[in-house]
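Naming convention: chains lettered A, B, ... in sequence-line order (proteins, then strands); numbering from 1 in each chain. Computed from a predicted structure; not experimentally measured.
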There are 2 protein chains.
Amino acid sequence: MADLTDPQALAWASYQRMRVRLSGVLGRELAAATGLSEADFDVLVAVNERPDESVRSLALRCGLEWEKSRLSHQLRRMEQRGLITREACEEDSRGSAVRLTARGRELACEARKHYDAAVKRYVMDTLTPEQVTALAEISATLLDRIEVTHK
Amino acid sequence: MADLTDPQALAWASYQRMRVRLSGVLGRELAAATGLSEADFDVLVAVNERPDESVRSLALRCGLEWEKSRLSHQLRRMEQRGLITREACEEDSRGSAVRLTARGRELACEARKHYDAAVKRYVMDTLTPEQVTALAEISATLLDRIEVTHK
DNA sequence: CCAGATTAGTTGATGCATCAACCTTGACGT
DNA sequence: ACGTCAAGGTTGATGCATCAACTAATCTGG
């Protein structure tokens with residue numbers, strides 16, 4: 001129950017700084033290249049990866065692990081900008097179905113290319129393969145730890 | 001210039017998920033324990049760690065690596081909630097100096113304890129020492145990579 | 001079949017992050 | 001000195017994230 005050791009504190013500080021800077025540059029490059037935010041991007045990709053024409057909000061929400069109000073607000077903004085459309089859902093008339101517009105589909109592909117390239121450039125080409133593996137394992141371990149206590 | 005490999009894509013997905021969930025639980029626990037946001041916390045700790053009574057906004061900004069308008073907005077909100085006070089700066093009459101209120105100082109200590117304990121619990125006690133070291137190295141490497149191209 | 005509980009989704013409010021525009025004050029070259 | 005320019009900070013606008021309250025449709029037990 002002791003405090004953090006010095007190396008631990010330094011490791012944490014370094015991680016925090018990296019996390020902030022990295023998502024900063026990735027978000028900025030994405031916005032510069034496509035005009036999309038990361039939230040836009042996540043939604044577009046999630047919808048586009050589906051084989052079906054349209055996706056239920058519910059399915060999106062589960063895939064993204066977002067709160068329902070977050071998704072609702074986000075979809076409203078994206079609809080206003082002409083990236084998606086929303087229509088009634090057949091199976092459940094409470095639900096709604098999301099469909100990409102032509103522009104939405106186009107941007108989804110474009111953005112995916114830019115984003116993956118940036119991840120490659122900033123992360124994958126910078127770390128050794130062993131480090132990439134280590135990062136994956138660390139992430140998986142921490143995720144487990146979180147999910148153990150938070151149901 | 002190829003795409004991400006499958007393991008790379010999985011590693012990235014895992015990292016992203018961990019990043020979101022971890023800062024989620026840490027932020028939530030901090031808020032539950034103290035009523036502070038992470039932004040509040042960062043500012044309080046940064047001010048409190050100074051030996052001096054009051055700190056210039058400029059110094060804070062550099063330490064936190066925040067934009068000036070971000071800090072200004074944050075300080076306004078914190079002032080309204082009675083965590084800090086702001087006064088004119090002697091050396092440079094453009095500047096402003098920040099001082100913690102009694103409540104601010106108290107919360108800073110309280111929050112630090114809770115936060116460090118949570119980092120220990122979720123991260124340091126979960127990873128092996130080697131993994132902590134690896135994470136620190138990975139973070140430092142990525143930070144270097146980012147700073148090479150940006151600035 | 002119906003009453004109560006769940007669930008899908010929306011809405012409004014608030015805090016946080018960023019951008020651009022602005023104001024004041026200090027710095028500097030001439 | 002003085003004119004110009006840069007720097008410290010504030011403000012307003014917008015988008016994103018979360019919470020709580022709400023509506024409407026579905027499910028479930030009796």
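Under the salt bridge (charged side-chain N to carboxylate O under 4.0 Å, His left out) criterion, Arg28(A) pairs with no residue at all, not counting sequence neighbours. Under the side chain to side chain donor-acceptor pair (under 3.5 Å) criterion, Arg50(B) pairs with no residue, sequence neighbours left out. For Glu106(B), the side-chain contact (heavy atoms from CB on, under 4.5 Å) test picks out no residue, with sequence neighbours left out. Scored by the side-chain contact (heavy atoms from CB on, under 4.5 Å) test, Ala111(B) finds Leu30(B), Thr34(B), Leu36(B), Phe41(B) as partners (sequence neighbours excluded). Considering only residues two or more places apart in sequence or on other chains, Glu87(A) meets the side chain to side chain donor-acceptor pair (under 3.5 Å) condition with Arg99(A). By the side chain to side chain donor-acceptor pair (under 3.5 Å) test, His73(B) pairs with Arg76(B), sequence neighbours left out.
Ser93(A) has no side-chain polar atom (N or O) that falls below the 4.0 Å cut-off from OP1 or OP2 of dA24(D). Arg56(B) has a side-chain polar atom (N or O) that falls below the 4.0 Å cut-off from OP1 or OP2 of dG9(D). Considering only side-chain N and O atoms, Arg86(B) lies nowhere under 4.0 angstrom from the phosphate OP1 or OP2 of dG9(D).
Both Ala59(B) and Lys68(A) lie close to DNA chain D; mapped to their nearest nucleotides by heavy-atom distance, the more 5′-ward contact belongs to Ala59(B). When the nearest nucleotides of DNA chain C are assigned to Arg76(A) and Asp92(B) by heavy-atom distance, the more 5′-ward of the two goes with Arg76(A).
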Throw together a table of side-chain donor-acceptor distances under 3.5 angstrom for residues 8-20 of chain B, partners on residues two or more places apart or in other chains.
residue: Gln8(B); atom: OE1; partner: Thr5(B); partner atom: N; Å: 3.0
residue: Gln8(B); atom: OE1; partner: Thr5(B); partner atom: OG1; Å: 3.4
residue: Gln16(B); atom: OE1; partner: Arg19(B); partner atom: NE; Å: 2.9
residue: Gln16(B); atom: OE1; partner: Arg19(B); partner atom: NH2; Å: 3.2
residue: Gln16(B); atom: NE2; partner: Tyr115(A); partner atom: OH; Å: 3.3
residue: Arg17(B); atom: NH1; partner: Glu65(A); partner atom: OE1; Å: 2.3
residue: Arg17(B); atom: NH1; partner: Glu65(A); partner atom: OE2; Å: 2.7
residue: Arg17(B); atom: NH2; partner: Glu147(A); partner atom: OE2; Å: 2.9

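Counting only residues at least two apart or on different chains, the salt bridge (Lys or Arg N to Asp or Glu O under 4.0 Å) pairs with a member in residues 122-137 of chain B are Lys120(B)-Asp125(B). The salt bridge (Lys or Arg N to Asp or Glu O under 4.0 Å) contacts involving residues 30-45 of chain A comprise Asp40(A)-Arg81(A), where partners must be two or more places apart or lie in separate chains.
Within the nucleic acid shown, Ser72(A) comes within 4.0 Å of at least one base atom, counting heavy atoms only.
Contact check of residues 101-108 of chain B against DNA chain C (heavy atom, cut-off under 4.0 Å) returns no residues at all.
Without hydrogens or angle criteria, Ser93(B) side chain to Cys89(B) main chain gives no donor-acceptor distance under 3.5 Å.
A donor-acceptor contact closer than 3.5 angstrom links the side chains of Gln74(A) and Arg77(A).
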What protein N or O atoms touch nucleotides 15-19 of chain D N or O atoms at under 3.5 angstrom, if any, and at what distances?
residue: dC16(D); atom: OP1; partner: Ser37(A); partner atom: OG; Å: 2.9
residue: dC16(D); atom: OP2; partner: Arg77(A); partner atom: NE; Å: 2.1
residue: dC16(D); atom: OP2; partner: Arg77(A); partner atom: NH2; Å: 3.2
residue: dA17(D); atom: OP1; partner: Arg70(A); partner atom: NH2; Å: 3.1
residue: dA17(D); atom: OP2; partner: Arg70(A); partner atom: NE; Å: 3.3
residue: dA17(D); atom: OP2; partner: Arg70(A); partner atom: NH2; Å: 3.4
residue: dT18(D); atom: O4; partner: His73(A); partner atom: NE2; Å: 3.4
residue: dC19(D); atom: OP1; partner: Arg28(B); partner atom: NH1; Å: 2.9
residue: dC19(D); atom: OP2; partner: Glu67(A); partner atom: OE2; Å: 3.3
residue: dC19(D); atom: N4; partner: Ser69(A); partner atom: OG; Å: 2.8

What protein N or O atoms touch nucleotides 2-7 of chain D N or O atoms at under 3.5 angstrom, if any, and at what distances?
residue: dA7(D); atom: N3; partner: Arg94(B); partner atom: NH1; Å: 3.1

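dG9(C) atom P lies 12 Å from atom CD1 of Ile84(A), rounded to whole Å.
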